[in-house]
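I have placed the structure first, in the form of C-alpha cells, so that the comments after it can refer back to it.
So you know, we letter chains A, B, ... as the sequences are listed, proteins then strands, and number each from 1.
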Amino acid sequence: MEKLGKEFFRRKNVVTISSELIGKFLVTNFGNMLTSGMIIETEAYNGVTDKASHAYGGKRTKRNEVMYGESGISYVYLCYGIHHLFNIVTNEEEIPHAVLVRAIIPVDGVPAILKRRKQTSITKKTANGPGTVSQALGIKTANSGLSVIDSKFMWVEDRGIKFPKKEINAGPRIGVDYAGEDAKLPYRFRLSDNSVKRIMNEYYS
DNA sequence: CTGACGATTCACT
DNA sequence: GTGAATCGTCAGC
C-alpha cells in the first residue's frame with residue numbers, strides 16, 4: 001500500500017493518468033473520520049485545447065485558478081447549485097490539466113459514508129456519480145486547492161490491485177455535449193461492470 | 001448589478 | 001425517459 005506522489009500526477013499525459021487511477025483508492029480524513037473508496041470511473045480534461053475543460057482557451061477565473069497550480073492539487077467546484085465535483089490537477093504548473101473522479105466503490109469508513117449519503121446500506125448507487133462521490137467522502141468546494149500529495153485530509157493510495165486492460169473501458173465523456181467534437185473523445189474510463197460486480201460482492205455480499 | 005446556466009441527482013411515470 | 005431542485009460563478013451591461 002503506497003501513497004501516490006507528485007511523480008504520478010506530474011506526468012504530461014492526463015489521459016494516461018486518468019486511466020491509471022482506475023483501481024486506486026481515494027481516501028479522505030475529515031473530522032477524524034477516515035473514508036475511502038476504489039476509483040472505478042474517471043474523466044480526463046486536457047487543458048486549454050479541450051473545449052469541455054473549464055480552462056479551454058486559457059480561461060482563468062477565481063474558481064478555476066487552482067487548475068493552473070501544481071500537480072496533485074484538488075479542484076472542487078459546485079455544479080447545478082447542489083453538487084460538489086472533485087478533480088485532481090495534473091501536469092506542471094501553468095498547464096491546467098485535471099482528472100474528474102466520477103465513481104468509487106466505498107471501502108473504508110462505511111458508517112460515515114452511509115450517514116453522509118443518508119442511506120442504510122451500500123449499493124452500486126452509493127457513489128456512482130461525481131456528485132455522490134464527493135458527498136460520500138465529505139469533499140466540499142471549500143476543499144478546493146488542497147493537495148492530495150501533502151494534505152493530511154485527502155490522498156490517493158495504490159493498494160496493489162491491477163486490472164487487465166480489457167477490464168478498463170474508454171468512451172466519450174458525460175454531460176459535455178456543448179464541447180462539439182471534443183465531446184466525442186474517449187477520455188472517460190470505467191472499470192467493467194463485471195469487475196465492479198465482483199468487487200461489490202467481495203465487500204458487501 | 002443582473003440574469004443565464006451548469007463536467008448532476010433523484011423521484012416519478 | 002422526463003423534469004425539478006438550487007446557487008455560485010461569470011459575462012455583460
Do [X] and [Y] sit within salt-bridge range, that is, some charged N less than 4.0 Å from a carboxylate O?
X        : Y        : answer
A/Glu41  : A/Arg190 : no
A/Arg159 : A/Asp108 : yes
A/Lys6   : A/Glu70  : yes
A/Lys12  : A/Glu92  : yes

Go through it in stages, so that I can follow the logic: the residues are A/Ile199 and A/Phe163, the test is side chain to side chain contact (heavy atoms under 4.5 Å, CB included), and I'd like the CA-CA distance, side-chain angles, deciding distance and then a yes or no.
CA-CA 12 Å; A/Ile199 293 159; A/Phe163 293 102; 3.5 Å; yes

Near DNA chain B, which residues from [range] have a heavy atom under 4.0 Å away?
range                       : result
residues 50-58 of chain A   : A/Ala52, A/His54
residues 125-142 of chain A : A/Gly129, A/Pro130, A/Gly131, A/Thr132
residues 104-117 of chain A : A/Arg117

Length of the [atom1]-[atom2] vector between [X] and [N], whole Å:
X        : N      : atom1 : atom2 : answer
A/Leu100 : B/dA7  : CG    : P     : 10 Å
A/Leu78  : C/dT6  : CG    : C1'   : 9 Å
A/Asn64  : C/dA11 : CG    : P     : 9 Å
A/Lys59  : C/dG12 : NZ    : C1'   : 13 Å
A/Leu185 : B/dA7  : CG    : C1'   : 14 Å
A/Arg60  : C/dC10 : CZ    : C1'   : 17 Å
A/Lys62  : C/dA11 : NZ    : P     : 14 Å

Testing the basics here: between A/Leu191 and A/Val196, what is the closest heavy-atom pair and its distance to 0.1 Å?
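So the two residues come closest at O-CG2, 3.7 Å.
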
Atom of A/Lys184, atom of A/Pro172 and distance for their closest heavy-atom approach:
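The answer is O-CB, 4.0 Å.
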
Quick one, which residues of residues 171-180 of chain A touch DNA chain C with a heavy atom under 4.0 Å?
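None, since no heavy atom is under 4.0 Å.
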
Of all of residues 79-94 of chain A, which get a heavy atom below 4.0 angstrom from DNA chain C, listed by number?
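A/Tyr80, A/Gly81, A/Ile82 - these, ordered by number, are the residues of the stretch whose heavy atoms sit under 4.0 Å from the strand.
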
A/Asn29 vs A/Phe153, test: side chain to side chain contact (heavy atoms under 4.5 Å, CB included). Steps then yes/no.
CA-CA 5 Å; A/Asn29 191 358; A/Phe153 297 112; 5.6 Å; no

Report, as yes or no, whether the 6.0 Å neighbourhood of atom NZ on A/Lys124 holds more than 12 heavy atoms from other residues, nucleotides or ligands.
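Not more than 12 within 6.0 Å, no.
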
Mark yes when over 12 heavy atoms from residues, nucleotides or ligands other than A/Lys125 sit less than 6.0 Å from its NZ; otherwise mark no.
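Count not over threshold, so no.
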
Take A/Glu93 and A/Arg10, measure what salt bridge (Lys or Arg N to Asp or Glu O under 4.0 Å) needs, and give me the verdict at the end.
CA-CA 9 Å; A/Glu93 273 188 77; A/Arg10 197 170 191 284; over 6 Å; no

Could you write out DNA chain B as dot-bracket? Rules: Watson-Crick or G-U wobble, both distances under 3.5 Å, brackets [ ] for crossings, | for pairs with another strand, dot for unpaired.
||||||.|||||.

Centre of A/Tyr187's six-membered ring, under 6.0 Å away, within 45 degrees of the axis: is that where NZ or CZ of A/Arg173 sits?
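No, A/Arg173 does not lie over the aromatic ring of A/Tyr187.
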
Charged tip of A/Arg11 within 45° of A/Phe9 ring normal and under 6.0 Å:
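Here A/Arg11 fails the 6.0 Å and 45° test against A/Phe9.
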
A/Val99 vs A/Val14, test: side chain to side chain contact (heavy atoms under 4.5 Å, CB included). Steps then yes/no.
CA-CA 7 Å; A/Val99 175; A/Val14 66; 3.7 Å; yes

How long is the gap from OG on A/Ser19 to CZ on A/Phe189, to the nearest 0.5 Å?
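Going from OG on A/Ser19 over to CZ on A/Phe189, the span is 5.0 Å.
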
Can you find a side-chain donor-acceptor pair between A/Thr35 and A/Thr28 that sits under 3.5 Å?
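Checked: A/Thr35/A/Thr28 side chains pair up, N/O donor to acceptor below 3.5 Å.
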
With a 3.5 Å cut-off and no angle check, do the side chains of A/Ser144 and A/Thr141 form a donor-acceptor pair?
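Absent: no donor and acceptor within the cut-off.
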
Decide if the gap between the ring center of A/His54 and the ring center of A/Tyr77 is smaller than 6.0 angstrom.
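Distance test on ring centres: under 6.0 Å, yes.
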
Please check this pair: side chain of A/Asn64 against backbone of A/Met67, looking for a donor-acceptor N/O pair closer than 3.5 Å.
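Judged by distance alone, no pair lies under 3.5 Å.
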
For A/Arg102 and B/dT8, is the shortest distance between a side-chain N/O and OP1 or OP2 below 4.0 Å?
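Yes, within the criterion.
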
Check the geometry between A/Tyr77 and C/dG8 and answer yes if their rings are stacked (centres below 5.5 Å, planes below 30°), otherwise no.
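The ring of A/Tyr77 is not stacked on C/dG8.
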
Have a look at A/Lys118 and say if it touches a base, only the backbone sugar-phosphate, or nothing, with a 4.0 Å heavy-atom cut-off.
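No contact.
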
